[in-house]
Amino acid sequence: MAAGWEVVVVVPQSSDLRPFEILGATKAVDLESALSSGSQGPMPDTVAVAAELYMSDERIRGGVLDTLSESPAKIALWGEGIPSELDSRIAPLQHRLSRAAQVFKSHALAAASAPATAVGLTESFRTGGVDAGRVRGGLLSMV
């Protein structure tokens, strides 16, 4: 990660932060606190959201749609079930992982007690917003 970038994860209060720290998260914020505080503070360059969370939480869905319409931030969604309402607003993106990134990701998955599967050479996202093809910068991840 480049100097000066801050990676903030927004997670449920009882989440184990170890997997996120392995991946370079520099700060964790409670999901409910973040949603209730409104838009205080600087807007991140990129907001990454699990598709499952987008589908299950109206507040997240509204925030993503508002960001796509009004914000200079980029949006990245991952996971299964990306809704068709976003088809015209987000596009597929493949991100090639370095060997080091593959190792870090496998350690983070193990720390999260995720199923032991091989970490691939690429990750797939759906992206939208300003300069969506380049997902980088201060990344805010909601999982």
Side-chain angles (χ1 to χ4, degrees), residues 1-37 39 41-69 71-143:
M1 180 176 320
W5 286 0
E6 181 176 44
V7 178
V8 179
V9 292
V10 180
V11 295
Q13 189 169 10
S14 60
S15 295
D16 178 8
L17 299 178
R18 201 171 57 237
F20 300 106
E21 291 166 348
I22 290 169
L23 294 174
T26 55
K27 183 177 178 181
V29 177
D30 171 61
L31 177 62
E32 290 303 320
S33 297
L35 290 172
S36 66
S37 70
S39 58
M43 183 65 178
D45 296 323
T46 304
V47 177
V49 179
E52 176 182 308
L53 185 57
Y54 176 90
M55 295 300 295
S56 67
D57 193 311
E58 182 61 38
R59 301 167 298 175
I60 300 294
R61 189 169 30 262
V64 166
L65 294 173
D66 287 349
T67 299
L68 284 169
S69 296
S71 171
K74 295 172 282 294
I75 294 288
L77 283 97
W78 77 91
E80 299 300 318
I82 304 289
S84 60
E85 70 188 46
L86 293 176
D87 282 349
S88 66
R89 302 178 80 182
I90 61 175
L93 172 75
Q94 292 282 317
H95 172 70
R96 184 170 176 83
L97 296 173
S98 68
R99 180 67 185 129
Q102 292 173 47
V103 170
F104 278 101
K105 184 174 179 178
S106 67
H107 285 289
L109 289 170
S113 301
T117 59
V119 174
L121 295 175
T122 61
E123 293 180 330
S124 297
F125 297 94
R126 302 275 296 174
T127 63
V130 174
D131 196 15
R134 295 176 36 176
V135 177
R136 54 192 313 181
L139 179 67
L140 175 70
S141 176
M142 294 185 174
V143 294

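Atoms considered below: every heavy atom in the structure, side chains included; atoms not considered: hydrogens, waters and symmetry mates.
Legend: residues meeting side-chain hydrogen bond (donor to acceptor under 3.5 Å, both in side chains) with Arg59, ordered by chain and number and at least two apart, are Glu32, Asp57. Contacts of Ser15 classified as side chain to side chain contact (heavy atoms under 4.5 Å, CB included), with partners at least two apart in sequence or in another chain: Val11, Pro12. Judged as a side-chain hydrogen bond (donor to acceptor under 3.5 Å, both in side chains), and not counting sequence neighbours, the contacts of Glu85 are Tyr54. Applying the salt bridge (charged side-chain N to carboxylate O under 4.0 Å, His left out) criterion to Glu58, with sequence neighbours excluded, gives Arg61. Arg18 meets the salt bridge (charged side-chain N to carboxylate O under 4.0 Å, His left out) test with Asp16; sequence neighbours excluded. Taking the salt bridge (charged side-chain N to carboxylate O under 4.0 Å, His left out) definition, one finds that Glu52 meets it with nothing, sequence neighbours left out. For Asp66, the salt bridge (charged side-chain N to carboxylate O under 4.0 Å, His left out) criterion is met by no residue, not counting sequence neighbours. Checked against side-chain hydrogen bond (donor to acceptor under 3.5 Å, both in side chains), Arg126 has no partners two or more places apart in sequence or in another chain. Here Ala51 pairs with Ile82 under the side chain to side chain contact (heavy atoms under 4.5 Å, CB included) rule; sequence neighbours left out. Listed by chain and residue number, nothing satisfies the side-chain hydrogen bond (donor to acceptor under 3.5 Å, both in side chains) test with Ser88 (two or more places apart in sequence, or in another chain).
Looking at every heavy atom in both residues, Gln102 comes nearest to Gly120 through CG-O, 3.7 Å. Taking both residues in full, the closest heavy atoms of Leu86 and Leu77 are given as CD1-CD2, 4.2 Å, listed atom of the first, atom of the second, then distance. When all heavy atoms of Gly128 and Leu68 are compared, the closest pair comes out as C-CD2, 3.6 Å.
By the 4.5 Å heavy-atom criterion applied to side chains, Thr127 and Thr46 are not counted as neighbours. Side-chain contact check for Val9 versus Leu23: every heavy-atom pair is 4.5 Å or farther apart. Counting heavy atoms from C-beta on, the side chains of Ser69 and Arg89 come closer than 4.5 Å.
For residues 106-121, no residue pair satisfies the side-chain hydrogen bond (donor to acceptor under 3.5 Å, both in side chains) rule, not counting sequence neighbours. The salt bridge (Lys or Arg N to Asp or Glu O under 4.0 Å) contacts involving residues 101-115 comprise Lys105-Glu123, where partners must be two or more places apart or lie in separate chains.
A distance of 13.0 Å separates CD1 of Ile75 from CZ of Phe125, quoted to the nearest 0.5 Å.
In Gln13, the CD atom is not crowded: 12 or fewer heavy atoms of neighbouring residues, nucleotides or ligands sit closer than 6.0 Å.
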